Amino acid sequence: MSFKNLQLTEPILKALDAQGYTQPTPIQKQAIPLVLKGRDLLGVAQTGTGKTAAFGIPILQLLNEKKHSKKGIKSLILTPTRELAIQIDESLAAYGKYTSLSHSVIFGGVSQVSQVQKLKRGVDVLVATPGRLLDLMNQGHVDLSHLEIFVLDEADRMLDMGFINDVKKVIRKLPEKRQTLFFSATMPDEIQNLANIMLKNPAKVEVTPPASTVDKIEQRIYFTNKPDKRKLLLHLLESNGIDNALVFTRTKHGADKVARFLDKAKIKSAAIHGNKSQNARQNALKGFKDGKLSVLVATDIAARGIDIDELSHVFNFDLPNVPETYVHRIGRTGRAGNEGIAISFCAAEERKELKDIEKLADIKIPVVEGHPYPMDLNAVPVQAAPQRNRNNNRQRRRY
Ligand code: AMP
């Protein structure tokens, strides 16, 4: 199926062609016609499925087709992180390149001056994070009275990050008559309740991360001692000639320590996490995308939504406490048809996390033995020793 079958108009088709998109992804195939018809939508999908275009394309087309007499914000896209907000705005710029629509992005952590100037000039589609949006609304810089289409992106992450009350405050200010598109990777009760309140007779579309993507990811586990993890990482980066890797740590402090250690060892690295300024985070991301940095060390929240094509390796320097996070993390590699490798370190105290991940994903992650920094087996009870079946490479995945 091509984009032409989705009733898209020339300016949009031309822009998609310029982006090199040939076929819609499953969520785009399902969502675009529904949004074009004016339906409310509940999209259960995570980053990496093409969901930004699934809502961005029909919004741009609907607004571009209509002759608006009044100036003002016609569509608001609310998303939890600054990185996601910037990426969505960049996508709108690309998909809307041949329309006359204006778009802008607002997020916290930077001066509001240029954001306010852009709002004053008039914006058709506004991308925003909740805190800064509320600030600017309270200061009278944002008028949502002409809003037609509202998108709540990554609703479950809004809840995780403690933004749900801010989101509710924004929703109370929206016109009652509007089209609402609601996206979430998971649907815990609180999110389902919010969807029930916000959506009118919604169509539901649900996609899991493409199995083929996850299937292409080679997963390995290294049992090691906590103090040896940095040396093991350096060893693997050097001995495997790894060009670019995203390394996940559990804490911000841990991310800094790893990045400093690698930098000292002449592996160009940077850490990104919530304590870094917006500029530092953007610079690190840009340096990584441009190939000036080989390693980006990130915490889960900071890395959420980061979209890097051709990422060859993901390292779980620390295993996540929440098993679903493992699936999200490793899904950063193996994108766009490329193969990917996900390497996890497991120290004695992380065995429970490993067990939970293997249970959730219904897999046994192959163990690499014979590496230079093995777990000190005397330090852990004998029954907890890494006795694993090396021949068991069966990897059945139900993500
Ligand atoms: P998203 O899930 O919106 O973050 O998109 C993930 C990645 O897929 C982004 O790099 C998009 O540019 C890319 N993408 C989205 N739709 C398509 C498509 N139909 N064909 C090729 N790439 C796409």
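Order of appearance sets the numbers: ligands from 1, and atoms from 1 within every ligand. Note that the structure is a prediction, hence the values are computed from the model and not measured.
- Ring centers of Phe183 and Phe55: under 6.0 Å apart, within the cut-off.
- With Phe3, Tyr21, Phe183 as candidates, the residue nearest to atom 23 (C) of ligand 1 on a non-hydrogen basis is Tyr21.
- When heavy-atom distances to ligand 1 are checked against a 4.0 Å cut-off, Phe55 has no atom that comes that close, whether in backbone or side chain.
- Between Thr49 and ligand 1, at least one N/O pair is under 3.5 Å apart.
- Near Gln23, with a cut-off below 4.0 Å to any heavy atom, the atoms of ligand 1 are 18 (C), 19 (N), 20 (N).
- Taking distance alone, with nitrogen or oxygen atoms compared against 3.5 Å, Pro24 stays at or beyond that limit from ligand 1.
- Both Ile12 and Leu62 sit in one connected hydrophobic cluster of ILVMFWY residues. Membership requires side-chain heavy atoms under 4.5 Å apart, directly or through other members.
- Every atom of ligand 1 with a heavy atom of Thr52 under 4.0 Å away is listed here by number and element: 1 (P), 3 (O), 4 (O).
- If you run side-chain contact (heavy atoms from CB on, under 4.5 Å) between Val151 and each of Val35, Leu41, Ile77, only Ile77 comes through.
- The side chain to side chain donor-acceptor pair (under 3.5 Å) analysis of residues 180-199, with sequence neighbours excluded, yields the pairs Asp156-Ser184, Asp156-Thr186, Arg178-Thr180, Gln192-Asn196.
- Residues that satisfy the side-chain contact (heavy atoms from CB on, under 4.5 Å) test with Asp356, not counting sequence neighbours, are Pro323, Lys352.
- Within a 6.0 Å sphere centred on NE2 of His253, other residues, nucleotides and ligands contribute 12 heavy atoms or fewer.
- For ligand 1, the atoms sitting less than 4.0 Å from at least one non-hydrogen atom of Lys51 are 1 (P), 2 (O), 3 (O), numbered in the order shown with element in parentheses.
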